[in-house]
Amino acid sequence: MPAIERKEILRREGRMRLRERAESAYSAEAGDRAQEHFLRVFPPRAGMGAALYCALAGEVPTDRIRHAYLAAGARIYYPRVTAGRTLAFYPHREGDGWETGPYGILEPPGPAGIEPRLSGWDIIVVPGLAFDRRGNRLGRGFGYYDRFLGGLAESVPRVGLAWAGQRIPEVPVDAWDVPVHALVTEDGVIRVVNASGSPEP
């Protein structure tokens, strides 16, 4: 079966898992544990540049990470979907508002005279529907994160955030897919070295 067909089957399964998570009382406590694991291994520091995202229903929440990074003086950036089908990351501070993007995801407000951050990243936190032991990631099928990650230096740590139940034996990959260096779940942090020998962050 072609990778594109296998991916679509896995996406349907992944979306179903997230719907079940959204209705689960267990998710709040597990989400806190996942974020605590993240902060222990990837602690914030003043002045660092971090790309985060607003979690959708059923995804591991990111609020604790946001608050801890802002309190430490880190600079946090969130993605906006552009007309060119790419992600542009803009700063977001405490008290800044949100807008709803084209896919129902909260985004920073339309920037006025503010340029998106293009380089100098210290960490990129990446969502996904499924991950495997090599760090391969299954997104929602639009390719936004792969296009963004593909333009970054390999040395920039890419960290997936997901539930333990989102780990699967193998994610089908195409040439343009970009793996993560580590995956954080409620069970802990898994460092990976992908098939091309990418270093751990």
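Just so it is clear, the model here is predicted, and its values are computed rather than measured.
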Listing, residues 170-178 side-chain donor-acceptor contacts under 3.5 Å, not counting sequence neighbours, or none:
residue	atom	partner	partner atom	Å
Asp174	OD2	Lys7	NZ	2.7
Asp177	OD1	Lys7	NZ	3.4
Asp177	OD2	Lys7	NZ	2.7
Asp177	OD2	Asp174	N	2.6

Show me the donor-acceptor pairs, under 3.5 Å and distance only, between side chains in residues 91-98 and residues at least two apart or in other chains.
residue	atom	partner	partner atom	Å
His92	ND1	Arg66	NH1	3.2
His92	ND1	Arg66	NH2	3.1
His92	NE2	Asp96	O	3.3
His92	NE2	Gly97	O	2.7
Asp96	OD2	Arg93	N	2.8

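Note on Glu8 versus Arg15: salt bridge recorded, some NZ/NE/NH1/NH2 to OD/OE distance being below 4.0 Å. Arg140 has a carboxylate O that lies under 4.0 Å from a charged side-chain N of Glu59, or vice versa, which qualifies the two as a salt bridge. Using a cut-off of 4.0 Å between Lys/Arg side-chain N and Asp/Glu carboxylate O, Arg45 and Asp122 are scored as salt-bridged.
A heavy-atom distance below 4.5 Å is not found between the side chains of Asp132 and Arg167. Two residues are said to be in side-chain contact when any heavy atoms from C-beta on lie closer than 4.5 Å; Tyr78 and Glu107 fail this criterion. Between Pro61 and Gln35, the closest side-chain pair of non-hydrogen atoms falls below 4.5 Å. Proximity of Ile168 to Leu10: side-chain heavy atoms (C-beta onward) are separated by under 4.5 Å at one or more points. In this structure the side chain of Thr185 never reaches within 4.5 angstrom of the side chain of Trp163, judged on heavy atoms. Between Val180 and Val159 there is no side-chain heavy-atom pair separated by less than 4.5 Å. With a 4.5 Å cut-off on side-chain heavy atoms, Ile123 and Val156 do not count as touching. Residues Thr100 and Leu106 have side chains in contact (heavy-atom distance under 4.5 Å, counting atoms from C-beta outward).
Both Leu56 and Val60 are assigned to one and the same hydrophobic cluster, defined by single-linkage of ILVMFWY side chains at heavy-atom distances under 4.5 Å. Hydrophobic clustering places Leu39 together with Val41 (ILVMFWY residues linked when any side-chain heavy atoms are closer than 4.5 Å, directly or through intermediates). Side-chain heavy atoms closer than 4.5 Å link hydrophobic residues (I, L, V, M, F, W, Y) into clusters, and following such links, even through other members, never connects Met16 to Phe131.
No cation-pi contact links Arg75 to Tyr77, judged by a cut-off of 6.0 Å to the six-membered ring centre and 45° from its axis.
Expressed to the nearest 0.5 Å, how far CD of Glu13 lies from CG of Leu138 amounts to 10.0 Å. With values rounded to the nearest 0.5 angstrom, Ile76 atom CD1 is found 12.0 Å from Arg117 atom CZ. Atom CG of residue Leu149 and atom CG of residue Leu87 lie 8.5 Å apart, to the nearest 0.5 angstrom. Taking CD1 of Ile105 as the start and CD of Glu99 as the end, the distance is 14.0 Å to the nearest 0.5 Å.
Nearest heavy atom pair, residue Cys54 against residue Thr62, reads CA-OG1, 4.3 Å. Considering all non-hydrogen atoms of both residues, Leu161 and Leu183 come closest at N-CD1, 4.2 Å. Gly135 and Val192 get closest at one heavy-atom pair: CA-CG2, 3.8 Å. Closest non-hydrogen pair, Ala74 versus Met48, comes out as CB-CG, 3.5 Å. The minimum heavy-atom distance between Ala34 and Glu186, with the atom names listed, is CB-N, 3.7 Å. Across all non-hydrogen atoms, the minimal contact from Arg158 to Pro179 is NE-O, 2.6 Å.
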Test side chain to side chain contact (heavy atoms under 4.5 Å, CB included) applied to Arg80 and Phe89, step by step | CA-CA 6 Å; Arg80 283 181 62 89; Phe89 284 77; over 6 Å; no
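For Arg64, the salt bridge (charged side-chain N to carboxylate O under 4.0 Å, His left out) partners at least two apart in sequence or on another chain are Asp32, Glu36. Shown here are the ring-ring contact (aromatic ring centres under 6.0 Å, His included) partners of Phe38, two or more places apart in sequence or in another chain: Phe42.
Hydrophobic side-chain contacts under 4.5 Å tie Tyr90 into a cluster, directly or through other members, with Ile114.
Applying the ring pair (Phe, Tyr, Trp, His ring centres under 6.0 Å) test to every pair with at least one member in residues 52-74, sequence neighbours left out, gives no pairs at all.
Proximity of a side-chain donor or acceptor of Arg40 to a complementary backbone N or O of Pro43 within less than 3.5 Å is not detected.
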